[in-house]
Amino acid sequence: MHASRLQQLVFERRALLLGGLQLLAGGLLLGRMGWLALREGEMLAAAAESNRVALRLVPPRRGLLVDATGLPLAVNRPAYGVELVPSLAGDLDAALDRIGRIVPLSAEERAELRETAKGLGGSGTLRIASDIGWDAYAALNVELADMAGLQPVRTYIRHYPGGEPFAHALGYVGRPTREQWQARRDPLLLHPGFRIGKEGLERGLDQRLVGTPGAERVEVNARGRVLRQLDSRPDTPGETVRLTIDRGLQAHLGAFLGDESASVVVIDCLTGGIKCLLSMPAFDPDVFSNRIPSALWKAMQEDERKPLLPKATQGLYVPGSTFKLVTALAALAEGVPPTDSVGCGGRYTVGGRSWHCHRRGGHGTVAMERAIAVSCNVFFYATARRIGNDAVARMARLLGLGQTYEGLPIPALRAGIVPDAAWLRRRHDRDWSVADTLNTAIGQGSLFVSPLQLAVMTARIASGRIVEPALLADAPKPAFPPLPIPPDWLAVVRAGMREVVNGPGGTARSARLGIEGIELAGKTGTAQVRIITAAERRRGVRRNESLPWRLRDHGLFVGFAPVDQPRYAIAVVVEHGMSGSRAAAPVARQAMTYIFDRERAEAGLERRLAERERRRRAAEEAARRAAEEAARAAAEAAGAAPSPAGPAGGSPPAGAAAP
């Protein structure tokens with residue numbers, strides 16, 4: 001009985017001890033829960049919410065670029081893409097393998113994605129592809145259930161309806177660089193779908209086109225999958241910017257030029273608005289707005305026709321005889337009467353050295369107007385020597401050469417070179433010579449200009465005003481001040497330009513429009529890209545056709561129309577086109593024909609395309625026949641050779657290797 005009582009007491013004591021411990025533990029838990037609920041409740045609720053709810057930036061839709069009539073030049077096209085959060089995905093290569101079965105990824109793309117992923121933060125998102133199509137988007141959505149970090153998205157991508165003819169003027173968009181992020185520290189720059197302007201007007205107008213980002217709160221699970229949208233703030237799209245460019249004109253001339261290496265600039269003489277800013281050949285800006293394949297990039301860099309160069313604004317060329325308009329006006333400004341004549345016998349000699357005219361027998365006695373029409377070198381040699389190069393350089397700058405027109409929203413405009421004595425001492429540490437004056441007078445030597453500058457020069461000559469080029473159609477129209485050149489002097493130069501195209505001995509008769517009541521005035525230019533030695537002149541200068549393409553002369557043309565009331569000025573440069581009258585003048589004629597008679601221009605384009613196709617087929621047929629002839633000759637040569645088996649055609653002799 002005593003033992004039984006003792007055991008009961010031990011049990012009761014142990015039960016009390018355990019009960020006390022339980023009460024103590026329960027009290028501690030209740031106290032901790034109260035502490036968490038009362039003192040740290042808001043913080044923990046916020047932490048739980050952050051695990052469940054994600055706040056995401058919505059990149060703004062980029063503003064549109066439209067032409068002067070409102071036709072689209074750069075728009076945003078709805079598309080489907082795929083993104084990945086590497087921190088949730090785990091093994092990045094395995095995730096890329098899985099995505100790659102639906103969206104093909106090249107080795108180069110995978111390497112770039114791996115490199116980009118290294119710079120992402122813990123929750124950073126990697127854009128895998130931007131335009132995958134509906135089928136791939138749907139297939140990726142099926143993978144969401146068991147693939148952490150995968151995010152199929154609906155997005156917008158930049159689209160350029162006009163294609164290649166607008167690539168250099170508009171530029172393209174691309175992802176911000178690491179340096180841009182470090183400079184601005186804007187979270188928007190880290191968004192995988194955000195793009196900024198990289199070249200051309202996309203870059204120059206980037207601040208106006210970007211817009212304001214939106215935001216959205218979404219509920220996500222532990223695998224990063226979006227379950228539902230809680231609320232959102234819409235983005236504000238960028239501005240729609242109307243340009244002065246005529247989409248129809250630029251597309252027409254792009255088709256007319258085809259694969260020619262050339263540039264065309266057309267300017268409205270009254271407003272300064274640039275109607276055409278064309279560089280060919282070009283590239284597809286839609287491709288450049290995404291991930292550029294390295295093979296394509298390398299091929300373009302190595303192409304001798306330079307499809308990556310915006311020739312109209314950054315190409316610098318010796319202007320050739322188009323510069324004679326500047327020399328003529330400089331002479332008039334220095335008091336040389338337009339009736340003063342010079343005898344041209346085919347060469348101009350100073351100090352025992354001769355400078356040649358393009359016409360071997362010379363032009364006889366010519367005054368200024370006829371010298372412009374027939375492009376007599378000797379007249380301009382003599383005239384420039386008479387007035388000195390400083391006068392020529394001053395007139396060149398007054399007419400817009402050597403300038404960058406900072407009001408234009410185009411990055412990296414090039415000023416070129418208008419040489420004078422100070423420049424020569426600074427650049428080459430030597431004094432100016434008579435030879436420098438003579439070379440500059442006819443647009444050769446150290447003189448370099450862009451097609452845009454040539455168009456501005458022509459617009460100023462045509463209008464008599466200091467025309468400034470513009471690309472924004474809605475910008476205030478300035479009142480251009482008059483050139484400090486008497487109208488009578490300008491009339492002399494314009495008359496010479498009219499004779500170039502419409503006169504009996506003009507150098508650009510192929511540029512006649514044939515439109516009733518509309519005449520085109522202009523000036524041709526042929527610019528050498530190689531040095532012709534005295535020995536070659538004695539032997540006979542090689543014809544351009546016999547030279548490699550890169551050594552042929554450039555062809556240039558500047559002009560304006562109508563002659564009686566100038567409205568549009570044009571500059572055309574055809575690289576290695578061999579002559580201005582042959583290569584550049586027909587392009588100017590086509591441009592002006594489009595402006596004044598579109599139906600006639602369309603018919604001319606059809607003939608041009610048909611002729612181009614005929615030549616292509618003829619070249620293919622010639623190549624096929626040459627290949628067949630080569631194969632036939634090889635077969636005949638093989639048949640005439642001794643057989644490896646010996647004259648009898650039996651087995652090879654002992655010790656010889658079997659064929």
Would you say [Y] and [X] are linked by a side-chain donor-acceptor pair, where the criterion is simply a distance under 3.5 Å?
X    : Y    : value
Y317 : E575 : yes
E202 : Y160 : yes
T507 : K523 : no
S581 : S510 : no
T526 : S579 : no
R158 : N76  : yes
H168 : E199 : no
H159 : D286 : yes
K306 : S261 : no

R624, CZ: over 12 other non-hydrogen atoms inside 6.0 angstrom: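 Yes.
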Within the 6.0 Å centroid threshold, strictly below: F560 and Y568: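 No, they do not, as the ring centres are separated by 6.0 Å or more.
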Chi angles and distances behind the salt bridge (Lys or Arg N to Asp or Glu O under 4.0 Å) call for D420, R394: CA-CA 9 Å; D420 55 20; R394 283 196 301 272; over 6 Å; no
Under 4.0 Å between a side-chain nitrogen and a carboxylate oxygen: does that hold for [X] and [Y]?
X    : Y    : answer
R305 : D259 : no
E621 : R617 : no
E620 : R616 : yes

